[in-house]
Amino acid sequence: MSIPNPFTALAPRTSHPPVLPPTDVSYVVEDTAVGRLLLAVRADRRVVTCAYAPDDEAAGRWLQRVADRVSPRVLRRPADTDALRHAVEDYLAGRTRTLDVVPDLALASAFQREVLSGLATSVGYGQRTTYASLAGRIGHPRAARAVGTALGGNPLCVVIPCHRVVPATGGIGGYAGGPAAKERLLALEAAGG
Amino acid sequence: MSLPPFQHLVDDHWRDVARLAHGLVGPSYAEDVAQQAWTQALAAYPRLTHARNLRSWLLTITHRCAMDHHRSARRTVPHDDPPSLAGTATVDHPEPPDGELWARVAALPARQREAVVLRFVGDLDHRAIATALGTTPGMSRRLVSDALATLRLDIEDPS
């Protein structure tokens, strides 16, 4: 065996990651009052992802979906997400009742779009509805379970308030961010923000 | 066809790109070359048709940017200067990080230097080096072994 590769020990003394220009999608992973969120916006600042990402693996799965459905040019550029970050922060602190951002349902399936659009236009701040009722409202009265699944994969949590949908049988039902996060959001809105 | 988010490439490979740029053009210009390589890679990324060998793709772009740097550096030499030897781009190594190894690498003939840096800093195989240099894997192997002989380094090159 000869000497080990001496080149591997050589590295520039000072170097840092490249500084890249704004591109198709910018994201940040942000710790919030309801959990760790992956926030991603397009170049025009429309919001493509506001999703719970408790660990790197979950964040990686969302980012891969963004890469596949929107563009693979995805960069971690926190400053580009400032408007969304502040909107979420203000809402969670009870300072605002609406998030002043433009949602983009690029990551949603056709059925999810129906469900999420129906939800966004019919259930206001502090209100609740049930899976069955929402299913009926969008013209699929027998699809309560499918509506639940569609909401469970909501790429725009908080922005499109899937936490306002609860089971008809009582309890608060499932939530991507966990039941505690859902409970907290419902309590926040019940208190009037 | 699925490409990973570009940020993953940056996170996984920025150190390799910086090292390769450093090895090819020296510390003063390494950052410019690396920055340019990343900008070009980002622009071209969505046109890739597969996600195999992304590291090797990035290092090939870095090599091309380094060669562009050498070419434009040569063009800026004033006409009344003594003509430089064809193909011997100068490498700026005022402070070699490893005592004198970089100075000796910088003094190699251009093709040998590129090949040995791509092989041992970039850790590319001879097929990838041949693609970057526009030559054959056999010639790449030969350039690397000549460079190692000149440097008097007894490194195994199993690639």
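In what follows, every chain begins at residue 1, and chains take the letters A, B, ... in the order their sequences are listed.
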Separation between CG (Asp24(A)) and OH (Tyr45(B)), nearest 0.5 Å, reads 12.0 Å
Between Val41(A) and Val25(A), is there a shared hydrophobic cluster once you connect ILVMFWY residues whose side-chain heavy atoms come closer than 4.5 Å?
no
Report whether Leu20(B) and Leu143(B) are members of the same hydrophobic cluster (ILVMFWY, side-chain heavy atoms less than 4.5 Å apart, transitive linking).
yes
For the pair Gln64(A) (side chain) and Leu3(B) (backbone), establish whether a donor and an acceptor sit closer than 3.5 Å, ignoring hydrogens and angles.
yes
According to a hydrophobic-cluster definition based on side-chain heavy atoms being under 4.5 Å apart (Ile, Leu, Val, Met, Phe, Trp, Tyr only), do Leu119(A) and Ile172(A) belong together?
no
For Pro72(A) against Pro46(B), the heavy-atom pair lying closest together
CG-CA, 4.0 Å
Are Leu58(B) and Leu48(B) connected in the hydrophobic side-chain network, where two residues link if heavy atoms are under 4.5 Å apart?
yes
Asp11(B) and Arg76(A): side chain to side chain contact (heavy atoms under 4.5 Å, CB included), yes or no, with the steps?
CA-CA 10 Å; Asp11(B) 292 342; Arg76(A) 187 170 52 240; 3.0 Å; yes
Sequence neighbours excluded, the answer for salt bridge (charged side-chain N to carboxylate O under 4.0 Å, His left out) partners of Asp80(A) is Arg45(A), Arg77(A)
Would you indicate whether Asp100(A), at its atom CG, is surrounded by more than 12 heavy atoms from other residues, nucleotides or ligands within a distance under 6.0 Å?
no
How close do His8(B) and Leu63(A) get, heavy atom to heavy atom, and via which atoms?
NE2-CD1, 4.2 Å
Are any of the side-chain heavy atoms of Pro18(A) and Thr39(B) separated by less than 4.5 Å?
no
Exercise: identify the closest heavy-atom pair between Pro5(B) and Ala67(A)
N-CB, 3.9 Å
If you round to the nearest 0.5 Å, how far is OG1 of Thr23(A) from CD of Gln7(B)?
11.0 Å
